[in-house]
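In what follows, every chain begins at residue 1, and chains take the letters A, B, ... in the order their sequences are listed.
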Protein chains: 2
Amino acid sequence: MSPNIEPIPFGACNCSTLRKASRHLSQLYDAALAPSGLKSTQAAIMMEVERRKDDPPTMHELAKALVLEQSTVGQNLRPLERDGLIALKQDAADRRRRHVTVTEAGRAKLAMVLPLWAGAQKRFEDFLGSKEAAELRATMLKVAYEFSPASEDDSG
Amino acid sequence: MSPNIEPIPFGACNCSTLRKASRHLSQLYDAALAPSGLKSTQAAIMMEVERRKDDPPTMHELAKALVLEQSTVGQNLRPLERDGLIALKQDAADRRRRHVTVTEAGRAKLAMVLPLWAGAQKRFEDFLGSKEAAELRATMLKVAYEFSPASEDDSG
DNA sequence: TATAAATAGAGGGATATCCATGTTTATGGA
DNA sequence: TCCATAAACATGGATATCCCTCTATTTATA
């Protein structure tokens with residue numbers, strides 16, 4: 001007898017559903033950015049770094065901001081550094097830290113990315129509606145930064 | 001002169017925001033499923049296959065359902081097949097096609113996954129609210145299956 | 001029937017992402 | 001000062017995911 005898996009509401013899995021949408025949207029944004037040579041994740045990293053250029057973040061800080069593991073940030077920065085789009089500078093006071101900055105070439109690349117990104121962004125909001133998109137982002141940010149079940153469910 | 005990237009509403013990027021939430025939620029579901037040895041993506045694949053056991057899907061059909069590229073499905077099935085959780089059977093009529101099924105071992109694994117998944121699902125809905133979660137899934141499905149900008153924006 | 005076009009998958013190569021572990025550097029206490 | 005601890009990052013190994021190209025097979029067409 002195989003365990004008879006009853007009709008399971010797995011179609012209602014919040015995680016799988018979110019991932020499906022994330023994959024699809026990423027494909028479309030990636031396609032839009034393709035002429036620039038950057039992928040959506042790379043653009044997101046560089047935009048975040050550029051935004052903070054007055055106080056260049058460490059890899060750890062970048063990881064927090066991007067909701068990525070520190071090791072993932074390290075991995076993701078590699079091709080960007082290899083291509084000369086970002087630079088890493090050791091902190092003078094704390095030699096463990098490395099601050100990330102966008103290079104001149106990186107800024108030029110971002111200038112190329114911007115209109116492509118804006119186009120994808122517009123097409124998405126034409127589809128979903130600007131108001132709905134804003135609400136969606138608010139929910140996503142809440143999920144990304146505020147959801148941590150451990151705090152309430154570690155008693156047993 | 002470096003191009004001076006003006007304050008860009010990139011913080012409002014729908015794609016990046018969705019990915020952040022997707023990463024975070026995936027980490028939490030993965031952590032919940034860890035005792036089973038399956039990751040959330042693997043569970044999603046197996047659940048979809050098991051759900052369709054009366055008419056086992058081909059890899060192409062599976063890709064459509066999961067919003068994945070065909071090549072990705074192939075990659076993702078590999079460890080599951082290696083571990084004996086799913087099986088691939090060539091179609092008798094069309095020898096190009098391969099139908100995917102869950103094995104006995106796979107069903108046993110799913111039985112182990114279910115309560116773990118249900119726990120993660122509950123914790124998320126306790127956080128966001130069941131109603132809000134349902135709305136979110138509806139939006140995600142709409143984005144995943146209905147958004148395709150090419151149809152309206154290929155005139156130039 | 002012979003062949004062109006389309007379809008299903010496989011394979012290679014790249015980035016994205018995690019976890020677990022190791023290394024270096026700082027920090028705090030005896 | 002010396003050592004234990006903690007923090008920041010690097011490394012290795014695995015899966016996830018895409019794109020592009022290739023092969024095998026089927027279907028449509030001349």
Side-chain angles (χ1 to χ4, degrees), chain A residues 15-16 18-35 37-46 57-64 66-83 85 88-100, chain B residues 15-16 18-35 37-46 57-64 66-83 85 88-100:
Chain A
C15 184
S16 305
L18 196 50
R19 287 180 74 114
K20 285 180 188 178
S22 177
R23 283 193 289 260
H24 189 57
L25 201 56
S26 295
Q27 275 186 44
L28 295 168
Y29 273 69
D30 280 349
L33 299 192
L38 285 190
K39 309 191 67 175
S40 57
T41 298
Q42 300 177 317
I45 293 175
M46 292 189 59
T58 65
M59 298 179 60
H60 185 75
E61 292 164 346
L62 207 46
K64 286 287 181 195
L66 295 169
V67 193
L68 284 169
E69 293 301 307
Q70 170 267 315
S71 60
T72 305
V73 171
Q75 255 343 73
N76 291 0
L77 288 182
R78 210 156 305 207
L80 296 175
E81 188 186 19
R82 179 200 60 201
D83 297 343
L85 302 176
L88 293 164
K89 248 180 314 185
Q90 195 178 41
D91 187 301
D94 186 339
R95 284 177 300 174
R96 291 172 305 182
R97 302 188 185 196
R98 301 176 76 190
H99 296 269
V100 190
Chain B
C15 183
S16 305
L18 197 51
R19 286 180 74 113
K20 285 181 189 178
S22 177
R23 283 193 289 260
H24 188 58
L25 201 57
S26 295
Q27 276 186 44
L28 296 168
Y29 273 70
D30 280 348
L33 299 191
L38 285 190
K39 309 190 68 175
S40 57
T41 298
Q42 299 177 318
I45 293 176
M46 292 189 59
T58 64
M59 298 180 60
H60 186 77
E61 291 164 347
L62 207 46
K64 286 287 181 197
L66 295 168
V67 193
L68 284 168
E69 293 302 307
Q70 170 267 316
S71 59
T72 305
V73 170
Q75 262 333 82
N76 291 0
L77 289 182
R78 209 155 307 205
L80 297 175
E81 188 187 19
R82 179 201 60 202
D83 297 343
L85 302 176
L88 293 165
K89 247 181 313 186
Q90 194 179 42
D91 187 300
D94 187 339
R95 283 176 302 172
R96 293 171 304 180
R97 303 188 186 195
R98 301 176 76 191
H99 296 269
V100 190

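Ala93(A) comes within 4.0 angstrom of the backbone, heavy atoms only, and of no base.
Using modelled atom types, one side-chain atom of Ser26(A) and one backbone atom of Ser22(A) make a donor-acceptor pair closer than 3.5 Å. Proximity of a side-chain donor or acceptor of Gln42(A) to a complementary backbone N or O of Lys39(A) within less than 3.5 Å is detected. Not one N or O on the side chain of Gln70(A) forms a donor-acceptor pair closer than 3.5 Å with the backbone of His60(A). The closest donor-acceptor contact from the side chain of Asp94(B) to the backbone of Arg96(B) lies under 3.5 Å.
Considering every non-hydrogen atom in both Leu33(B) and Ala43(B), the closest pair reads CD1-CB, 3.8 Å. Between Leu62(B) and Pro57(B), the closest heavy-atom pair is CD1-CG, 4.0 Å. Between Arg23(A) and Val67(B) the shortest heavy-atom distance is NE-O, 3.1 Å.
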### Task
If a protein heavy atom is under 4.0 Å from the base, mark B; if only from the sugar-phosphate, S; if neither, -; do that for nucleotides 15-22 of chain D going 5' to 3'.
SSBBB---
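When the side-chain hydrogen bond (donor to acceptor under 3.5 Å, both in side chains) test is applied to Ser71(A), no partner is found at least two apart in sequence or on another chain.
The nearest whole Å value for the distance from the CG atom in Leu33(B) to the C1' atom in dC18(C) is 14 Å.
In this structure, the nucleotide among dG11(C), dC9(D), dG9(C) sitting nearest to the side chain of Met59(A) is dC9(D).
Between Asp94(A) and Glu61(B), the residue whose closest nucleotide on DNA chain C is further toward the 5' end is Glu61(B).
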I'd like a list of close polar pairs between nucleotides 4-7 of chain C and the protein, N/O only, cut-off under 3.5 Å.
| from | atom 1 | to | atom 2 | distance (Å) |
| --- | --- | --- | --- | --- |
| dT7(C) | O2 | Arg96(B) | NH1 | 2.4 |

